[in-house]
Amino acid sequence: MSGTLREFDCPCCGERLEIDTRSGKVRRLRPEAELDDLLARQKSESTRLDDAFEQARSEQSKQEQSFDEMLNDAAEKAKDDPNPPKRPFDLE
C-alpha cells in the first residue's frame, strides 16, 4: 500500500499533499502551518496594509492641497499680469 502513496507540494498553495497513484486521488492534506499561526499572519498583514493605505491617502491629500495652492497662486498672478496672453479667437 505504501508503494502507491506519494507526497507532493502543491504548486498553487504550497501545501503538502499525499496522493494515491493507483486511484489518482488526494488522500490527505497536511497543512504546513497551524490555523492560529495563519490567522495571526493574516491579521498582521491586514494591519500593515491598512497602515500603508492610510499613509497613501494622507500623501494624496497633501498633494491635492499643494496642487490647489499652486492653482490659486497661478490664478492670482494671472489677474495681476498686465499683458495677458492673446486668445486664439482674437487673432482672426
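The residues of the chain are indexed from 1 along the displayed sequence.
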A.B. asks: Rounded to the nearest 0.5 Å, how far apart are CG of D36 and CZ of R41?
C.D. replies: 11.5 Å
A.B. asks: Knowing that exactly one of Q60, K62, Q55 qualifies, which makes a side chain to side chain contact (heavy atoms under 4.5 Å, CB included) with S58?
C.D. replies: K62
A.B. asks: Mind checking whether D9 and R16 have side chains closer than 4.5 Å, heavy atoms only?
C.D. replies: yes
A.B. asks: Show me the pairs that pass salt bridge (Lys or Arg N to Asp or Glu O under 4.0 Å) and involve residues 46-61, at least two apart or across chains.
C.D. replies: E45-R48, E54-R57
A.B. asks: Other hydrophobic cluster members with M70, side-chain heavy atoms of Ile/Leu/Val/Met/Phe/Trp/Tyr under 4.5 Å, chained?
C.D. replies: F67
A.B. asks: Output yes when a side-chain donor or acceptor of N72 lies under 3.5 Å from a complementary backbone atom of D68, and no otherwise.
C.D. replies: yes
A.B. asks: L71: which other cluster members, linking ILVMFWY side chains closer than 4.5 Å, directly or transitively?
C.D. replies: none
A.B. asks: Please round to the nearest 0.5 Å and tell me the distance separating atom OG of S44 and atom CG of L39.
C.D. replies: 11.0 Å
A.B. asks: Can you tell me how far apart CG (L38) and CD (Q42) are? Round to the nearest 0.5 Å.
C.D. replies: 9.5 Å
A.B. asks: Would you say the side chain of R6 lies within less than 4.5 Å of the side chain of E18, judging by non-hydrogen atoms?
C.D. replies: no
A.B. asks: What is the distance from atom OG1 of T4 to atom CG of D20, rounded to the nearest 0.5 Å?
C.D. replies: 4.0 Å
